[in-house]
Structure formats: structure tokens, C-alpha cells
Amino acid sequence: MHDIKFIKNKPEIFDRLQKKRNEKVKSSEILEIYNKYLSHINKIQELQKIRNNESKKIGLISKIESKTKIDLLKKNVGNLKKKISDLNFLADKEYSNLTRILSLVPNLLDEKTPFGESDLDNKKIKEFGEKNEFSFQPLDHVVIGEKLGLLDYTSAAKLSGSRFSVLKSELALLSRALMNYMLDKHTKQNGYKEIKVPELVLKECLYGTGQLPKFKDDLFETREGLWLIPTAEVSLTNLCREEILNYKNLPLRYTSFTNCFRSEAGSAGVDTKGLIREHQFGKVELVSITKPESSMNELDRMIECVESILKDLNLHYRVMELCSSDVGFSSSYTLDFEVWMPGQSKFREVSSCSNCKDFQSRRMKMRTKNNETGKIIYPHTLNGSGLAIGRIIVAILENFQEKNGEVNIPKVLWDYMGGTKKLLNLKD
RNA sequence: GGAGAGAUGGCAGAGCGGUUGAAUGCACUGGUCUUGAAAACCAGCAUAGUUUCACGACUAUCCAGGGUUCGAAUCCCUGUCUCUCCGCCA
């Protein structure tokens, strides 16, 4: 949510940065509604002041004055009440109009975010490792998994239809190993606090992080009005919704493994089979809540935490700076991590790290009191995948496959795999 | 799901329908004292909004939404949540 006073004071910046996103909103229409609202509010407060004074007067003189005189006073206040409630009705109308519009306006882009018209304009800022050499034609993860008898899409379709997976035996274990390894890394080495959170949340949470009201169609809603989270960012960030956080405790760093649920409404026909794009997938998430001035440093730190995992796994990846058309609704500046997938001959996103600045904290009324100034301020929120389990499984299957169809497990996972170092082809 | 109790400032916890935005304690901030710290003492300390160059003034808020009243933290209704007891259940 935007600070209306910012729009009022710096309309040209607001308009320029929204235009950079290709958004149509104009500060002028927003301010017009806001000014109408203010004029009602001013009148209301004036009348309320009179009402309060008159009521106090009645209380004071009620024991001395005659009944008729008091009744007259009461009648006058009664008239005021009617005017006040009429004006309140008008003010409420303008206010809900204002919030309805503002709730659909995306975050202001950071000046660092490059301009671009599609994901083709994203800028590569870093690359680590290099493409594996294969003496044979590397296979896609679905083929590898099915050949090994560890991925079962017939069963998945029987249970839940398309965009679901059934993982078996060592592959199910690999999924669990990755979760444990990543959580251990983030809690023991990277300073994050592990939290186990609900995966069904109230709509207020989704409003707070920015998925609602605009992206309703991407989410699953239950009959009871609870919503399945599309990412643990929702649950973790909303832990601090409507809180005044202790300034001294910042930054807060949370990590959690959850299942994530996405309807994938807009991606019909794309990646319909496999672990790349599923309705349900596991992900370890990182969330940081920081003082405003240190959020960009925190993003750098978060990136290192994500990189530490990719390096451990020995994966070839690149870091992309998202351009203006590709940065998400709530984010101001985003970096994506893409891992090379030889079976598909392309880089695929496995993590996205965003600085949402005070956009989410304003939406969810998360605040903190600056000790030095005594002012109430909005902290900055950041989130990053650390990482998406399904896509990392794809990366492992495709990058470490051998000619006979077997797959080597990265060394850091051996202990987590109970000593299993390789996915064996037991069929042949 | 049934029966009862409750929801007040960062936390704990008072509060007769009329200067109660709200006692008190803790926490927090500043000061005195101390080599430093602790302790003690003194002072400050809710949030949102309007208005003002500023000091300030004003308005709203005691879970949420309605209602009664000239006036509600205080009375009434509805909802949400929490706790205790019973039932059911991973």
C-alpha cells in the first residue's frame, strides 16, 4: 500500500515510477478522491467538537438548570448527530473508493530496477560454474525419473489430475533430504529462525503480502474462506501483521518449509508435466524484516545465503536482475536465480529474492519505533526462496545423470540420504 | 459440537454512564549517582488522522460491527478469538 502523503508530496515521482511499470494509475485521480475525503473529514471533526462540548455542558448543568432548558440543549445535539452521520456516510464512501484503487497499485520500483518490456530484458549480473559436458544426449528429468521408477505421473493423474507429482523411494527421500539440508543450513549457518507455519491462512494475510485482491485467480480458496498459501512468504511475513516490533530486535530472519499451492491459471499448456510447474510444491522460504535503511544490505546477505546452497550442490547458475516489466506486484527490486537444466537446454528459475521495502508493512500495519527519533516507522520486508525443492530435484536429476540413467547425489546430501550416493537403475 | 468465563496501552493488570486516553506494575527512553555496570532516585513514554511554518489545537480509537443515550471502556445485540469443563478426533 502506498503512503498517500508521498503521492501528495511527490506526485511526479509516483507517476514516473508507475509508468516505468506500464501502469495506468495517475496521482491526479487518486488525489482528487483524497481531497474530497479530507473536506468531509474536516467538517465532521468540526461538528464533533461542538457535540462534545455541548454534551459536557449538559453533564455539568444537569443538576442546576430547569428541565426545559436542558431538553432544548439535547435537541440541538440531536440535530448535530444527524449531520455528522450523513457526512460520515459520504466520507466512508470516498475512503473505500480510495483504498479500492490504492490496493491495486503495485509497489514503486527501485531506481536500480532496469527498464524493460519483457523477461528478455532482465540483466545477468553474475554467473557461477559452467555447463556440464555430456558424452551423450542428456535427458529431461521426467524421463530420467520415470525410467528409474521414482517418478510416477500415472499415479499423480489418478490422484489429482495434471500438475501434480508422485515421488517414490529414493526420490521421496531426496525431497526430504533437501528440505532438511536447506533448513539446517539457514538455521545453523545463515542465522535464520525456523518457524513451522500454517499453510491455510485468512484473506487478510494475502492482502498484507499483496496477492489479494488483484491475484485472486492464482490462488486456491477453501469453502470455509481460508486460502492455501502460494508461498511461505505469506505466513512468515504476516507473523508481524498489526504489530509494533521492538526496534532492537531487528532484523528478524525467518525460515520455513511449507507446501505452496498455485492455480497456475495463466500458464495453460506450459510445463504441464514434471516438477517445474505444479499446483503443489515444497519450498524453503527466507523472510527478513529490517530497518528501512538496511534492507538493500539485507538483500545482499540473503542472496549470499541462497548462493551458499547452490554452491554446496555444485550447480551452474546465474543471477538475473529483473527488469521493470518482470518485477512482481509487491516488490521494488528483485533478483532471480536460474540454474542450468541440461535436459531442457535452458536456465530455469529456482529462487527469487525481493526487497518489498515498506509496501507490505504498510498493507499489514507492521511497524516499529525508531529508538533514536521516537518515530513510528514501517520496517522493510524481504523474501527469497531458499530454495524450491521440486526444481532443485530437476536440477540434480538433469545435471548429475549418467549414460546408464543413474543419478549421482551431491555430496552434501549423502548424510541426509542415509548414505545413499546414487539413484540406481534397478529395472535393467 | 454443548455449557460457562473473558478480550483494556509493548506486556501484565485496575476501571461508579459525565474533565478516563484511561490507575498501578513491568518493559522502554532520557537524567542523577558510579571508573564502568547493577541497584536506587527523578522525568518521559499509546495509536491513527485533521490542522499549523512552528509551539500547539482538535478528532477518532479500550477485540470487530451495530444499537440505547445529550454523553459509553462502562448498558444491549451480533460476530470473531482466547480460556475452563463435556463430547468427538489425527
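Proteins come first, then strands; the chains are lettered A, B, ... in the order of their sequence lines, and each starts at number 1. These numbers were taken from a predicted model, which means no experiment stands behind them.
Separation of the C1' atoms belonging to C77(B) and G13(B) is 28 Å when rounded to the nearest angstrom. Taking atom P in both G44(B) and C70(B), the straight-line distance is 39 Å, to the nearest Å. Only the C1' atoms considered, G6(B) is 16 Å distant from G79(B), to the nearest whole Å. Across A73(B) and U20(B), the matching P atoms stand 13 Å from one another, rounded to whole Å.
Relative to the side chain of Arg51(A), the nucleotides U59(B), G18(B), A60(B) differ in distance, and A60(B) lies closest. Closest to the side chain of Ile244(A), out of U59(B), U29(B), U47(B), is U47(B).
Within 4.0 Å of Glu54(A), counting heavy atoms only, lies no atom of the nucleic acid at all. Contacts of Ile44(A) with the nucleic acid, taken as non-hydrogen atoms under 4.0 Å apart, are absent. At the heavy-atom level, Tyr34(A) lies under 4.0 Å from the strands shown only through sugar-phosphate atoms. Asn52(A) comes within 4.0 angstrom of sugar-phosphate atoms only, judged by non-hydrogen atoms across all strands, and of no base. Residue contacts shown for Leu38(A) are limited to sugar-phosphate atoms, with no base heavy atom under 4.0 Å away. Among the atoms of the strands shown, none is found under 4.0 Å from any heavy atom of Lys365(A).
Contact between the side-chain N/O atoms of Lys5(A) and the OP1/OP2 oxygens of U50(B) is found at a separation under 4.0 Å. For the pair Lys43(A) and U50(B), the criterion of a side-chain N or O lying under 4.0 Å from OP1 or OP2 is not met.
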Evaluation steps, side chain to side chain donor-acceptor pair (under 3.5 Å), between Ser308(A) and Gln189(A): CA-CA 10 Å; Ser308(A) 70; Gln189(A) 287 178 35; 6.0 Å; no
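Ion pairing of Asp271(A) with Arg348(A) is present here, as a side-chain N (NZ or NE/NH1/NH2) and a carboxylate O approach within less than 4.0 Å. Taking 4.0 Å as the cut-off between side-chain N and carboxylate O, Arg301(A) and Glu304(A) do not count as a salt-bridged pair.
Residue order along RNA chain B, read from the 5' end via each residue's closest nucleotide, puts Lys369(A) first among Lys369(A) and Glu46(A).
Remark: Arg176(A) fails to qualify as a cation-pi partner of Tyr416(A) under the 6.0 Å distance and 45° angle criteria applied to the six-membered ring.
The aromatic ring centroids of Phe359(A) and His2(A) lie less than 6.0 Å from each other.
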